[in-house]
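Heads up: the structure comes next, in structure tokens.
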Amino acid sequence: MTVLRAFKWTSVNKNCIAALALGMMTGFIAAYLILSPPEYIYQELSDPHTSSQLEGLAGPINDPGSHNNDEIFHRMENSSVADYLYQQVRVLCWVMTGPKNHEKKAKHVKNTWGKRCNILLFMSSQEDSSLPAVALPVKEGRNNLWAKTKEAFKYVYKHHMNEADWFLKADDDTYVILENLRYMLMVHSPSEPIYFGCRFKPFVKQGYMSGGAGYVLSKEALRRFVEEGVPNKTLCSQSASGSEDVEMGKCMERVHVTAGDSRDALGRGRFFPFVPEHHLIPGHVSKDFWYWKYIYYSSKEGMDCCSDNAVSFHYVSPNQMYVLEYLIYHLRPYGISYHVDMPTVTQEQTMEIAGNE
Ligand SMILES: *[C@@H]1O[C@H](CO)[C@@H](O)[C@H](O)[C@H]1NC(C)=O
Ligand SMILES: *[C@@H]1O[C@H](CO)[C@@H](O)[C@H](O)[C@H]1NC(C)=O
């Protein structure tokens with residue numbers, strides 16, 4: 001009898017708890033679905049997909065140091081073409097960051113891909129000579145990104161205009177392969193009014209370049225932006241807020257800077273708004289995700305997604321920067337080598353050709 005009662009009790013208890021749990025779960029899921037934008041649901045499936053998700057990811061606690069290049073492969077490596085392009089296609093990189101991220105993110109950009117820029121600057125609101133970071137006269141926060149972008153390009157134009165041919169804007173969670181950027185740019189003249197990046201379709205007639213994947217302005221594009229666009233309210237938004245990349249796109253179009261096609265000869269993209277995994281694994285970026293509506297050129301998922309000469313990836317955590325650095329610049333399959341010839345057409349020759357026409 002006692003046993004039976006006890007049993008009944010537990011069974012009632014179990015049912016109650018199950019019902020309560022079910023109710024709570026349904027409630028939570030409903031609240032979650034109602035309150036969260038689609039992007040947020042997506043996040044649970046994988047690694048960082050938005051800047052805010054990267055916030056918590058601090059960089060390595062211990063300094064990863066540098067890779068010993070005194071290996072047979074590295075000694076056999078021939079970088080003379082890349083070295084030549086470093087001189088011929090000078091790229092100034094400026095990286096959008098903030099005081100909170102100097103240590104957490106900017107430092108790791110400098111330790112990895114940033115060192116391959118001809119000039120590397122971090123745009124912040126606080127100076128830091130070790131990076132170096134520039135203190136721009138702007139407030140921090142998402143609402144000031146457009147103001148910060150304008151100030152950054154103004155600063156670069158004023159102080160470094162003649163020290164580079166191309167001017168790259170990247171975020172502190174963008175990873176850039178500079179050699180491939182120079183290779184793409186080498187057939188263009190810096191006096192062409194053009195800019196390149198991951199081209200998106202909406203809001204601007206000729207499209208605009210995704211902010212996170214980074215975009216690169218020719219010297220002439222920079223001149224037009226700073227001299228003609230920024231000071232003129234009919235050409236560029238005078239507000240501090242607004243989507244930095246969309247505003248940039250509108251402004252570029254109005255000063256007649258062409259939105260360039262950054263795809264390779266096989267039609268594969270070079271600038272990517274997500275980490276490689278999200279482009280390489282089919283279905284990782286779900287079909288109704290905004291990306292597919294935004295992307296200007298039809299692009300594939302899977303192993304054929306990306307150019308062998310890819311230039312950039314976005315939402316790369318500080319740790320992943322070191323992983324990419326290792327995979328791209330150090331890990332080599334034994335017995336496979338490749339050779340590139342010294343390019344015959346450089347930007348100066350392109351300029352001459354253009355001038356002769
Ligand atoms: C601003 O741009 C418009 C359109 O190009 C032009 O007509 C106008 O003269 C410019 N204003 C100034 C102050 O330069
Ligand atoms: C390195 O590559 C360049 C370009 O192909 C070539 O001209 C040069 O002879 C190579 N140097 C060595 C040491 O193999």
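Counting convention: from 1, in listed order, for ligands and their atoms alike.
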Next item on the list: Answer yes when Arg223 and Glu220 have at least one side-chain N-carboxylate O distance shorter than 4.0 Å, and no when they do not.
Entry: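 Yes, charged N to carboxylate O under 4.0 Å.
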Notebook entry, point to check: Quick one: do Lys250 and Glu253 make a salt bridge, cutoff under 4.0 Å?
Noted result: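 No.
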Next item on the list: Output yes when the distance from some N or O of ligand 2 to some N or O of Asp341 is under 3.5 Å, and no in every other case.
Entry: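 Not met; the criterion fails.
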Just say parallel, tilted or perpendicular for the rings of [X] and [Y], cut-offs at 30° and 60°.
| X | Y | result |
| --- | --- | --- |
| Tyr208 | Phe200 | perpendicular |
| His279 | Tyr291 | perpendicular |
| His67 | Tyr326 | tilted |

Check: Taking the six-membered ring of Phe196, is NZ or CZ of Arg270 closer than 6.0 Å to its centre and within 45° of its axis?
Finding: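 Relative to the ring axis of Phe196, which defines the angle, Arg270 lies outside at least one limit.
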Item checked: Pocket residues of ligand 1, ordered first by chain and then by residue number (heavy-atom cut-off under 4.0 Å) ->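 Those residues closer than 4.0 Å to ligand 1 by some heavy atom are Asn232, Thr234, Leu235.
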Check: For Lys287, does the NZ atom sit with more than 12 other heavy atoms under 6.0 Å from it, leaving out its own atoms?
Finding: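 Yes, NZ of Lys287 has more than 12 neighbouring heavy atoms, counting only those of other groups under 6.0 Å.
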Next item on the list: Can you sort out which atoms of ligand 2 are near Val340, meaning under 4.0 Å from one of its heavy atoms?
Entry: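 Going through ligand 2 atom by atom, the ones under 4.0 Å from Val340 are 4 (C), 5 (O).
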